[in-house]
Amino acid sequence: MQHLSLSKGLPALLLLSALPASATAQGFGNTWLEFQRNDALISGDASVTSADANEKDFATGDFDQDGLDDLVVVRKQPAHTTGSRSNVLFMNVGGVLTDSTAAFASNSDVAGDQGFLTPTNDRDVVSVDVDNDGWLDIVTSTTLSPGQPKHISHPRVYMNLGQDLGGNWLGFQHQDARIPQLLLAGGAASWPRFTAVDAGDVTGDGFADLYFGDNQNAGAQGGGDMDDRLLVNDGTGFFIDQTSARMTGAMSTTDYTTAVTVADMNGDGHNDVLRQRGHGGGTSLIYNDPGNVGVFATIQSIYSGSPYYVSAGDLNQDSKLDVVVSHNSSDRFRLNTGNDANGDVIWGASTNVTFVTGSDDGFAGDSHVVDMDNDGWNDVIITDFDSEVAGCNRRAHIFHNAGGVVGGAVTLREEAEMAGSGWRGAIGLQINDLKGTHDAAFIDLDADGDLDMVLGRCAGMNVWVNQTISDAVGTSFCACTPGTAPCSNAAGTDEGCRNSAGVGAVVVAGGSTSVVADDLSFSGSQIAPNRPSLLFSGNLPANAGMGVVLGDGLRCVAGAIKRFTVQVSDPSGNTNWTGGLGATGGWAPGDTRYFQIWYRDPSGGPCASGFNLSNGVQVQFTN
């Protein structure tokens with residue numbers, strides 16, 4: 001790789017005028033949320049992390065009860081195919097999602113089966129305590145497995161084995177008898193084509209039951225049409241198919257169900273079933289009968305179009321569950337405004353999501369209702385990979401809930417930088433970062449009180465650290481200020497000067513300042529794509545921290561320069577330098593150092609100098 005020199009031209013620029021140290025955001029829809037990518041927070045072979053091109057679906061939970069949420073990833077060959085894949089268990093080890101599948105999820109009571117390591121055709125997954133022993137178990141939804149034995153073709157339950165007498169966590173075991181052999185209406189055995197699963201107690205006995213959504217449109221794969229199925233917990237974590245005893249045929253009949261939610265939608269204390277049916281089947285709510293709990297009484301249409309996904313969550317802080325419906329051309333939501341005389345929900349108007357700039361770009365995938373910016377108002381992410389049709393050219397959309405009056409109307413809007421090729425949805429996320437997204441998971445990896453985000457994409461797994469409650473190590477300084485130096489129209493306070501991608505590069509430090517731990521790391525974002533990038537440090541700030549003009553940007557660092565490894569930014573302009581930098585840095589407790597990223601920028605950029613720089617970060621080291 002080409003050697004990059006920072007020494008050329010530096011002395012002559014020391015006397016140049018500095019830029020002001022602050023900046024005011026300009027040209028944005030709403031700077032409501034910021035993420036910084038840090039893929040060093042997920043650890044495993046590239047085939048299940050950075051290079052995993054398989055279809056993925058997530059479930060989270062604190063499986064080993066160490067106070068940290070972990071991540072389950074179920075995988076299959078993308079789209080409407082029969083290709084099976086192994087699943088992955090990422091345990092949260094000190095804030096790093098670490099592939100622990102072989103150690104903790106390879107056990108099974110079926111001879112020759114290796115738990116997660118056995119390839120299965122899973123499309124959905126839920127974490128739930130099925131036997132009420134206080135430990136979260138895992139249930140998968142298996143599809144498109146014609147001719148396969150029951151333990152491969154049917155949903156799989158992985159029981160959490162808890163701890164041994166020494167307090168050591170024992171991991172999961174696949175236990176095949178937990179799910180019965182499922183039969184067609186005529187009594188023949190079949191291979192389920194389930195594309196969705198959720199868990200919740202519908203009978204009122206305190207044990208979680210399971211509802212599976214079926215993909216009817218798969219006749220070519222054989223097995224007959226099973227429709228949706230309700231599996232009732234017998235009180236020990238084993239399940240019995242009681243669909244026909246508790247639901248009418250109209251309730252369980254399906255046309256490509258890809259999303260189900262078991263929740264108390266009308267607030268009567270009993271869980272109902274919300275489901276989406278594609279191909280014109282619409283979105284419907286199946287009500288639990290409060291007079292005969294566990295038997296479903298009525299079905300209500302919520303949306304009559306051809307949705308691809310539905311999710312539930314409280315959007316306006318009134319403690320009622322609203323719905324978000326993903327559609328191929330206009331995603332929308334409906335507010336729960338209360339109940340009619342029969343106890344059914346009175347739904348508000350079908351309201352489209354909105355955009356600062358741009359519009360919906362087609363079919364949708366999974367969606368989640370979650371408070372991303374810790375303001376008490378749930379926001380929404382809608383992913384883009386349609387599980388029936390392959391294609392990774394669309395992108396996920398993050399919609400900001402700006403709040404309002406409790407119980408009143410809300411707006412879900414995709415915020416964006418309105419000029420250039422800047423962020424979409426949230427600061428730090430470029431359009432390419434969101435393309436081909438199967439699912440998203442929200443976990444507080446750094447234990448700072450806000451939710452970080454894991455994206456499962458056609459291009460692999462990415463971790464985005466939420467900056468709402470700043471978990472960054474050190475202090476940002478020397479940001480570019482709009483309009484005050486050549487090429488310096490940066491959009492925010494913690495950015496370098498504008499580059500050929502229309503944004504300013506950002507560097508953020510993570511890990512800790514401990515010299516002994518030596519886990520200080522750095523993440524760069526908004527760098528020009530696919531360009532050599534160099535992290536460097538100095539023992540002094542340049543020009544009292546205000547920087548000096550250099551190339552298209554500002555040099556923030558001076559004194560005794562230390563250079564770290566050269567990285568090449570990815571197509572979205574991201575880089576990472578992980579822990580273990582102390583040997584090169586040579587710092588000691590009490591030292592203060594200043595860090596910055598220098599990177600190549602193609603000719604034709606704002607000033608055409610050929611290179612640019614990020615903001616700076618000041619770090620003071622401890623023991």
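In what follows, residues are counted from 1 in the order of the sequence shown.
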Under a 4.0 Å N-O cut-off, is there an ion pair linking [X] with [Y]?
X: Arg275; Y: Asp228; result: yes
X: Arg424; Y: Glu414; result: no
X: Asp241; Y: Arg229; result: yes
X: Asp39; Y: Arg37; result: yes
X: Asp52; Y: Arg75; result: yes

Among [options], which residue satisfies the side-chain hydrogen bond (donor to acceptor under 3.5 Å, both in side chains) criterion with [X]?
X: Gln276; options: Thr283, Thr258, Thr254; value: Thr258
X: Arg156; options: Thr142, Thr118, Thr120, Asp113; value: Asp113
X: His397; options: Asp361, Asp331, Asp384; value: Asp361

| Greater than 12 external heavy atoms within 6.0 Å of Asn393's CG | no

(message) Asp433 vs Phe35, test: side chain to side chain contact (heavy atoms under 4.5 Å, CB included). Steps then yes/no.
(response) CA-CA 11 Å; Asp433 296 324; Phe35 285 108; over 6 Å; no

Show your working on side-chain hydrogen bond (donor to acceptor under 3.5 Å, both in side chains) between His438 and Asn54 and close with a plain yes or no. CA-CA 9 Å; His438 299 285; Asn54 291 292; over 6 Å; no

Could you tell me whether Arg178 sits above the aromatic face of Phe238, with NZ or CZ closer than 6.0 angstrom to the six-membered ring centre and within 45 degrees of the axis?
yes

Please check if the side chain of Asp444 supplies one atom and the backbone of Asp448 the other of a donor-acceptor pair under 3.5 Å.
yes

* Side-chain donor or acceptor of Asn271 paired with backbone N/O of Val202 under 3.5 Å -> no

Geometric class of the Phe116/Phe172 ring pair [parallel <30°, tilted 30-60°, perpendicular >60°]:
parallel

With a 4.5 Å limit on heavy-atom distance, are the side chains of [X] and [Y] in contact?
X: Met265; Y: Val323; value: yes
X: Val48; Y: Asp99; value: yes
X: Ile138; Y: Val125; value: yes

Task: Ring centres under 6.0 angstrom apart (Phe63, Phe104) - done: no

**Aromatic centroids of Phe194 and His154 separated by under 6.0 Å** = no

Here the salt bridge (charged side-chain N to carboxylate O under 4.0 Å, His left out) pairs for residues 124-151, sequence neighbours left out, are Lys150-Asp176

For Asp122 and Asn87, what are the C-alpha separation, side-chain angles and deciding distance, and is it a side-chain hydrogen bond (donor to acceptor under 3.5 Å, both in side chains)? CA-CA 8 Å; Asp122 293 323; Asn87 297 328; 2.7 Å; yes

